[in-house]
Amino acid sequence: EVQLQASGGGLVQAGGSLRLACAASGLTDDEYTLGWFRQAPGKEREGISLISRMDSTTYYADSVKGRFTISYDNKKDTVYLQMDNLKPEDTNVYYCAVDHTPPDLELLRLWVTIGPNDFGQGTLVTVSS
């Protein structure tokens, strides 16, 4: 059973930085992709970044490209999301997730409607103006 434990959320001023971490356990070779999405209660899910467990290829939504960086430590089975130059519109609940599909931009779009195969509890990020 895959378990994902996210941490690192908090309150930050606009222009500041935060780093989210997600410790994964129970991963098998079926989980090709790790990533992050964000979703406020009652709002649509937004896939924001993916990384391949095989070769660390990364993908980003346009809304975060150039500001967020995803990385994966395969020794610790931990995926990180470094968030720089944060904006008030980045305020949201952030979730880490896994998928059995190799990552690409289409998978980011599919996470909006279909969602990932599994995800952990969210961590709240609040950016004040």
Side-chain angles (χ1 to χ4, degrees):
E1 179 186 359
V2 174
Q3 292 190 330
L4 301 165
Q5 182 73 37
S7 61
L11 173 64
V12 65
Q13 286 190 328
S17 298
L18 279 175
R19 189 173 85 149
L20 306 183
C22 176
S25 61
L27 295 177
T28 70
D29 289 343
D30 289 338
E31 281 81 39
Y32 286 98
T33 297
L34 290 167
W36 296 87
F37 68 89
R38 59 192 182 188
Q39 185 174 25
K43 301 288 188 180
E44 189 175 68
R45 184 186 304 118
E46 180 187 9
I48 56 175
S49 188
L50 305 175
I51 188 166
S52 166
R53 290 182 63 214
M54 302 301 118
D55 61 12
S56 295
T57 304
T58 59
Y59 299 86
Y60 298 93
D62 288 342
S63 59
V64 305
K65 195 179 298 181
R67 300 187 299 121
F68 290 11
T69 303
I70 191 171
S71 60
Y72 173 56
D73 183 335
N74 60 6
K75 292 185 174 65
K76 297 180 180 179
D77 264 342
T78 299
V79 60
Y80 301 94
L81 187 69
Q82 176 67 39
M83 305 186 294
D84 298 318
N85 191 21
L86 282 160
K87 305 175 181 180
E89 52 263 43
D90 293 318
T91 295
N92 220 315
V93 181
Y94 287 71
Y95 298 83
C96 66
V98 297
D99 209 288
H100 298 168
T101 303
D104 58 22
L105 290 175
E106 179 62 21
L107 183 61
L108 265 182
R109 289 189 282 270
L110 285 174
W111 275 16
V112 175
T113 51
I114 298 174
N117 287 116
D118 206 350
F119 58 93
Q121 95 292 350
T123 185
L124 176 64
V125 171
T126 304
V127 185
S128 63
S129 56

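From a predicted model like this one, the values you see are computed outputs, not experimental measurements.
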ask   = Which hydrophobic side chains are connected to V93, either touching it within the sub-4.5 Å cutoff or through other members that do?
value = F37, L50, Y59, Y95, L105, L107, L108, W111, F119, L124
inquiry  = If hydrophobic residues (ILVMFWY) are linked whenever their side-chain heavy atoms come closer than 4.5 Å, directly or via other members, who joins L110 in its cluster?
reply    = I114
task = For D99 and T33, indicate whether the former's side chain and the latter's backbone hold a donor-acceptor pair under 3.5 Å.
result = no
task = Provide the full list of salt bridge (Lys or Arg N to Asp or Glu O under 4.0 Å) pairs with a residue in residues 107-129, sequence neighbours left out, each pair given once.
result = E106-R109
ask   = Can you list every disulfide (SG to SG under 2.5 Å) pair that touches residues 1-75, not counting sequence neighbours?
value = C22-C96
inquiry  = According to side-chain contact (heavy atoms from CB on, under 4.5 Å), who are the partners of N85, at least two apart in sequence or on a separate chain?
reply    = R67
ask   = Partners of D29 by side-chain contact (heavy atoms from CB on, under 4.5 Å), sequence neighbours excluded?
value = none
message = D30: which residues meet the salt bridge (Lys or Arg N to Asp or Glu O under 4.0 Å) condition with it, sequence neighbours left out?
response = none
remark   = Here the salt bridge (Lys or Arg N to Asp or Glu O under 4.0 Å) pairs for residues 73-89, sequence neighbours left out, are none
inquiry  = Can a donor-acceptor pair be found, under 3.5 Å and without considering hydrogens, that links the side chain of Q5 to the backbone of G120?
reply    = no
key: Shortest non-hydrogen separation from Q82 to S17 and the atoms involved   = NE2-CB, 3.9 Å
query = For V79, which fellow cluster members are found when Ile, Leu, Val, Met, Phe, Trp and Tyr are connected by side-chain heavy-atom distances below 4.5 angstrom, either directly or through intermediates?
reply = V2, L4, V12, L18, L20, L27, L34, W36, I48, I51, Y60, V64, F68, I70, Y72, L81, M83, L86, Y94, V98, V125, V127
request  = Can you tell me which residue pairs pass the disulfide (SG to SG under 2.5 Å) test with a partner in residues 24-83, sequence neighbours excluded?
outcome  = none
ask   = Is the side chain of T126 donor-acceptor paired with the backbone N or O of L11 at a distance under 3.5 Å, no angle test?
value = no
Sequence neighbours excluded, every pair satisfying salt bridge (Lys or Arg N to Asp or Glu O under 4.0 Å) that has a member inside residues 34-47 = R38-E46, R38-D90
message = Test side-chain contact (heavy atoms from CB on, under 4.5 Å) on R53 and Y32; report intermediate values, then the result.
response = CA-CA 6 Å; R53 290 182 63 214; Y32 286 98; over 6 Å; no
query = Can you name the residues that form a side-chain hydrogen bond (donor to acceptor under 3.5 Å, both in side chains) with T78, not counting sequence neighbours?
reply = none
